[in-house]
Undergrad: 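This is the structure, below, for whatever I ask next.
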Amino acid sequence: YTIYRLYFKLQNINEKKKKEMIAWFVSRKETYYVVEIVGQWDIDILMWVKNNAILEQFWRDFKIKYRRYVQDYLLSIYTRLQIFPRKYLGNKPEAVYIKETADIVKIDEIDTEILKHLAADARLNFVDIALKLKTTAKIVVYRVRKLERQGIILKYRTKLNYTLLGRGYYKLEMNLN
């Protein structure tokens with residue numbers, strides 16, 4: 001998979017149509033997240049795409065529906081990504097470094113289903129996952145540990161509501177050109 005980031009500056013669009021556009025992005029399986037932002041761009045989308053043909057189809061589908069509402073866009077390809085976790089509570093965890101590689105790890109349907117369940121709720125216990133997959137907890141434990149050793153599962157994260165803790169969350173993106 002390759003990570004792509006799309007930024008859009010919108011034009012001639014009302015709130016109803018913008019919500020429809022955002023819902024369209026959210027409904028696509030390629031979309032990891034969609035954010036409305038303030039500044040040079042109006043919308044920021046992060047996508048995980050298996051190959052260029054899928055990206056091209058995504059782009060064609062988008063242009064058919066929403067081209068007239070886009071004033072400008074920027075497509076970025078992430079070949080390396082370093083995530084620096086924040087230290088809001090407790091010790092600061094280690095940074096995570098992700099890079100594009102030619103080494104593809106083959107996983108089967110059971111591994112894929114385990115990853116889907118953990119991606120939806122990382123708090124699920126192995127017994128619950130095993131019941132959903134009609135297998136044993138021992139097999140799930142073995143598979144998860146293997147996915148961790150292979151570097152597929154990097155971290156388990158908690159998503160906090162920072163405003164309820166009296167803190168803000170800001171993301172700064174810079175262009176150094």
Side-chain angles (χ1 to χ4, degrees), residues 1-86 88 93 95-102 104-105 107 109 111-124 152-177:
Y1 283 81
T2 304
I3 305 169
Y4 293 92
R5 192 120 187 217
L6 273 166
Y7 296 94
F8 291 100
K9 183 67 174 174
L10 302 177
Q11 66 180 4
N12 304 321
I13 191 167
N14 59 38
E15 278 301 309
K16 182 179 177 186
K17 187 56 81 172
K18 183 164 62 168
K19 286 182 182 187
E20 175 191 309
M21 180 189 294
I22 290 170
W24 183 85
F25 285 126
V26 170
S27 73
R28 298 293 298 234
K29 67 180 182 177
E30 302 90 352
T31 303
Y32 182 70
Y33 72 69
V34 180
V35 181
E36 281 190 77
I37 55 178
V38 176
Q40 180 181 357
W41 306 104
D42 297 315
I43 296 179
D44 172 14
I45 298 143
L46 190 73
M47 303 168 35
W48 297 77
V49 180
K50 194 169 190 174
N51 59 50
N52 289 334
I54 293 170
L55 176 66
E56 182 63 29
Q57 187 60 52
F58 178 95
W59 191 240
R60 270 193 236 120
D61 294 345
F62 172 78
K63 287 193 305 186
I64 288 168
K65 293 181 75 66
Y66 301 109
R67 170 188 258 163
R68 67 180 163 269
Y69 303 112
V70 176
Q71 176 182 332
D72 197 9
Y73 70 91
L74 174 69
L75 174 65
S76 299
I77 302 168
Y78 284 26
T79 55
R80 286 172 287 169
L81 176 65
Q82 191 158 359
I83 301 168
F84 297 98
R86 292 160 298 284
Y88 286 126
V96 176
Y97 184 70
I98 302 168
K99 66 178 182 168
E100 190 173 24
T101 178
I104 304 298
V105 177
I107 61 172
E109 189 61 33
D111 289 340
T112 301
E113 289 302 312
I114 290 170
L115 291 171
K116 284 180 185 177
H117 288 292
L118 288 174
D121 183 359
R123 295 181 305 159
L124 279 177
I152 294 170
I153 296 176
L154 298 173
K155 296 263 183 201
Y156 299 90
R157 293 176 43 178
T158 301
K159 187 67 177 159
L160 301 175
N161 183 337
Y162 300 112
T163 57
L164 292 177
L165 296 171
R167 297 187 166 120
Y169 175 77
Y170 303 94
K171 191 171 195 174
L172 175 64
E173 296 187 14
M174 297 181 288
N175 183 345
L176 300 177
N177 290 334

Undergrad: Check step by step if ring-ring contact (aromatic ring centres under 6.0 Å, His included) holds for Trp24 and Phe58.
TA: CA-CA 11 Å; Trp24 183 85; Phe58 178 95; 5.4 Å; yes

Undergrad: As an exercise, state the distance from NZ of Lys29 to NZ of Lys50, rounded to the nearest 0.5 Å.
TA: 8.5 Å

Undergrad: Roughly how far, to the nearest 0.5 Å, is CD1 of Ile107 from CD of Glu109?
TA: 9.0 Å

Undergrad: Check the pair Tyr4, Ile45 against side-chain contact (heavy atoms from CB on, under 4.5 Å), reporting the backbone distance first and the verdict last.
TA: CA-CA 8 Å; Tyr4 293 92; Ile45 298 143; over 6 Å; no

Undergrad: Determine whether Arg28 and Asp61 make a side-chain contact, defined as any pair of heavy atoms from C-beta on separated by less than 4.5 Å.
TA: yes

Undergrad: Output the distance between atom CH2 (Trp48) and atom OG1 (Thr2), rounded to the nearest 0.5 Å.
TA: 10.0 Å

Undergrad: Does a sphere of radius 6.0 Å around NZ in Lys19 hold more than 12 heavy atoms from other residues, nucleotides or ligands, not counting ones at 6.0 Å or beyond?
TA: no

Undergrad: For Ile43 versus Ile37, what's the shortest heavy-atom pair and its separation?
TA: N-CG1, 4.1 Å

Undergrad: Rounded to the nearest 0.5 Å, what's the gap from CG on Leu55 to CE on Met47? Could you check?
TA: 5.0 Å

Undergrad: How long is the span from the CH2 atom in Trp59 to the CG atom in Asn52, to the nearest 0.5 Å?
TA: 14.0 Å

Undergrad: Does the side chain of Asp44 reach to within under 4.5 Å of the side chain of Tyr33, using non-hydrogen atoms?
TA: yes

Undergrad: Can you tell me if Arg60 has over 12 outside heavy atoms packed within less than 6.0 Å of its CZ?
TA: yes

Undergrad: Could you check Tyr66 against Lys17 for side-chain contact (heavy atoms from CB on, under 4.5 Å), going step by step and ending with a plain yes or no?
TA: CA-CA 9 Å; Tyr66 301 109; Lys17 187 56 81 172; 4.1 Å; yes

Undergrad: Quick one: do Phe25 and Phe8 satisfy ring-ring contact (aromatic ring centres under 6.0 Å, His included)? Show the steps, please.
TA: CA-CA 12 Å; Phe25 285 126; Phe8 291 100; 5.7 Å; yes

Undergrad: With a 4.5 Å cut-off on side-chain heavy atoms, are Leu46 and Ile3 touching?
TA: yes

Undergrad: I need the Glu113 CD to Asp111 CG distance, nearest 0.5 Å.
TA: 10.5 Å

Undergrad: Between the side chains of Lys18 and Asp42, is the shortest nitrogen-to-carboxylate-oxygen separation below 4.0 Å, so that they form an ion pair?
TA: no

Undergrad: Using the side-chain contact (heavy atoms from CB on, under 4.5 Å) rule, take Val70 and Ile13 through it: C-alpha gap first, then chi angles, then the decisive distance, then the call.
TA: CA-CA 9 Å; Val70 176; Ile13 191 167; over 6 Å; no

Undergrad: Test side-chain contact (heavy atoms from CB on, under 4.5 Å) on Asn12 and Arg68 and set out the steps.
TA: CA-CA 8 Å; Asn12 304 321; Arg68 67 180 163 269; over 6 Å; no

Undergrad: With a 4.0 Å cut-off on N to O distance, would you call Lys16 and Glu20 a salt bridge?
TA: no

Undergrad: I would like to know whether Phe62 and Tyr73 meet ring-ring contact (aromatic ring centres under 6.0 Å, His included); could you show each step before the answer?
TA: CA-CA 12 Å; Phe62 172 78; Tyr73 70 91; 8.6 Å; no

